[in-house]
Amino acid sequence: MKINKKNFTTGVIAKAQCDPGKSQAIFYDAKTPGLGLRVTGAGVKSFIFETRLNGKTLRRPLWSELHIRDHEKIIQAGGAPRIRSKKLTEPGSLAALSKIRLVDLTPELVTEWAKVEAVTRPTRARLALRLLRAFLNWCSRHSAYKAIVTGNAAQSRDARESLGKAKVKHDVLQREQLPAWFDAVKQAQNPVIAAYLQTLLPYWCTPGRNRLFTLAGYRFSME
């Protein structure tokens, strides 16, 4: 079977659609071997990596639209209208560094940024610092960008120390408490509420943005 490949551009990705009556469609990038775009019948798009092992096709999910949107929020300037609120969007954690050229980005600037972010949102800033570090590493490995990245400024120890370490959460549901929790939820007189609660727990326990795909496979029994 001939596989249709196209160079993944913004326009190509935006126009990719699943044929009516089908559950999903997969498109492949002409430049990057194994890179694909999965589009579900509901219009949800996610990137995948495909390869073959021992004669079998293996596919691994990479990034969904929601995952990419989360990354975009970290760099957004803020001040845009919200859909469901009168408040304007807040600047992303990395917005303060977005106006600085990569060649001018230094460990000292990152440390000063970290000290400011640590006051109001250290958790988000720790994530932003990890993403910035990964991005700069990626730039240093590609000839088109390594000339403007003199070093990885996000590896600053001072910046990490300014943001502190994540605190261990103790107000969580333990594994040994799950049987009792599910037994209690099933006793709810309203079956809709019972189903909602049973769905909500594994939804938030699923890593990243694979949650929607996990929910799609759920089946409930009211016995």
Side-chain angles (χ1 to χ4, degrees), residues 7-14 29 31-32 34-35 37 45-49 60-172 204 206-212:
N7 292 333
F8 280 175
T9 63
T10 303
V12 169
I13 295 173
D29 185 31
K31 288 186 177 180
T32 307
L35 179 62
L37 174 68
K45 298 177 182 178
S46 60
F47 290 99
I48 63 169
F49 176 76
R60 179 182 178 183
L62 295 177
W63 316 281
S64 67
E65 286 182 311
L66 293 177
H67 186 82
I68 295 174
R69 194 179 305 163
D70 284 344
H71 285 67
E72 292 175 342
K73 286 182 179 180
I74 291 180
I75 201 70
Q76 71 180 8
R82 296 177 185 266
I83 298 177
R84 300 179 180 179
S85 174
K86 295 182 179 179
K87 296 182 179 180
L88 300 178
T89 58
E90 298 179 357
S93 301
L94 289 175
L97 298 177
S98 63
K99 297 180 180 180
I100 301 175
R101 300 188 307 170
L102 289 179
V103 71
D104 297 329
L105 189 63
T106 64
E108 291 76 18
L109 288 174
V110 175
T111 298
E112 289 302 317
W113 161 84
K115 290 179 180 179
V116 174
E117 291 294 321
V119 177
T120 56
R121 46 184 181 183
T123 301
R124 294 183 186 179
R126 282 192 292 268
L127 171 60
L129 182 64
R130 292 195 297 270
L131 293 176
L132 178 60
R133 183 166 60 244
F135 169 70
L136 293 176
N137 281 334
W138 179 87
C139 289
S140 66
R141 298 196 305 269
H142 290 74
S143 58
Y145 304 103
K146 64 181 181 181
I148 59 175
V149 178
T150 56
N152 197 328
Q155 289 182 337
S156 168
R157 180 178 179 179
D158 291 338
R160 294 197 304 271
E161 292 179 349
S162 298
L163 294 174
K165 295 182 179 180
K167 297 180 180 179
V168 178
K169 294 183 179 180
H170 299 285
D171 55 340
V172 296
W204 286 114
T206 303
R209 288 298 185 174
N210 291 322
R211 296 166 176 167
L212 297 179

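The basis for the numbers below is simple: all heavy atoms, side chains too, and nothing from hydrogens, waters or symmetry mates.
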Taking the side chain as C-beta and beyond, is there a heavy-atom pair between [X] and [Y] under 4.5 Å?
| X | Y | value |
| --- | --- | --- |
| Leu102 | Phe135 | yes |
| Asn152 | Ser140 | no |
| Thr9 | Ile13 | no |

Checklist entry - CZ of Arg121: more than 12 outside heavy atoms within 6.0 angstrom? => result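 Yes.
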
Checklist entry - Who passes side-chain hydrogen bond (donor to acceptor under 3.5 Å, both in side chains) against Ser98, sequence neighbours left out? => result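 Per chain and number, Ser98 pairs via side-chain hydrogen bond (donor to acceptor under 3.5 Å, both in side chains) with no residue.
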
Item to check | Contacts of type side chain to side chain contact (heavy atoms under 4.5 Å, CB included), residue Lys165, not counting sequence neighbours | outcome: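 Testing Lys165 for side chain to side chain contact (heavy atoms under 4.5 Å, CB included), a comparison that skips the adjacent residues, returns none.
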
Checklist entry - Which residues satisfy the side chain to side chain contact (heavy atoms under 4.5 Å, CB included) test with Arg84, sequence neighbours excluded? => result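 Checked Arg84 against side chain to side chain contact (heavy atoms under 4.5 Å, CB included); zero matches.
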
Taking distance alone, no hydrogens or angles, what donor-acceptor pairs closer than 3.5 Å link side-chain atoms of residues 74-83 to residues at least two apart or in another chain?
from: Gln76; atom 1: NE2; to: Glu90; atom 2: O; distance (Å): 3.0
from: Arg82; atom 1: NE; to: Lys87; atom 2: O; distance (Å): 3.4
from: Arg82; atom 1: NE; to: Leu88; atom 2: O; distance (Å): 3.3
from: Arg82; atom 1: NH2; to: Leu88; atom 2: O; distance (Å): 3.4

How far does [atom1] of [X] sit from [atom2] of [Y], to the nearest 0.5 angstrom?
| X | Y | atom1 | atom2 | value |
| --- | --- | --- | --- | --- |
| Leu105 | Ile148 | CG | CD1 | 11.0 Å |
| Leu94 | Glu117 | CG | CD | 8.0 Å |
| Ser93 | Leu163 | OG | CG | 9.5 Å |
| Ile100 | Leu109 | CD1 | CG | 4.5 Å |
| Phe47 | Leu35 | CZ | CG | 6.5 Å |

Please find the pair of heavy atoms, one from [X] and one from [Y], that lie closest to each other, and give the distance.
| X | Y | result |
| --- | --- | --- |
| Ser162 | Thr111 | OG-CG2, 4.2 Å |
| Ala154 | Leu129 | O-CD1, 3.6 Å |
| Pro122 | Thr120 | CD-C, 3.7 Å |

Next on the checklist: Evaluate Arg141 against Lys146 for side chain to side chain contact (heavy atoms under 4.5 Å, CB included), listing each step before the verdict.
Outcome noted: CA-CA 6 Å; Arg141 298 196 305 269; Lys146 64 181 181 181; over 6 Å; no

Checklist entry - Lys45 side chain to Leu37 main-chain N or O, any donor-acceptor pair under 3.5 Å? => result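 Side chain of Lys45 to backbone of Leu37: no pair is present.
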
Item to check | Pairs touching residues 76-124 that satisfy ring-ring contact (aromatic ring centres under 6.0 Å, His included), sequence neighbours left out | outcome: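 Residue pairs with at least one partner in residues 76-124: there are none.
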
Checklist entry - Can you tell me if Asp29 and Thr32 form a side-chain donor-acceptor pair at under 3.5 Å? => result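 The answer is yes; a qualifying pair exists.
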
Checklist entry - Excluding sequence neighbours, so at least two apart, what forms salt bridge (charged side-chain N to carboxylate O under 4.0 Å, His left out) with Glu112? => result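 With neighbours one apart ignored, the set is Lys115.
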
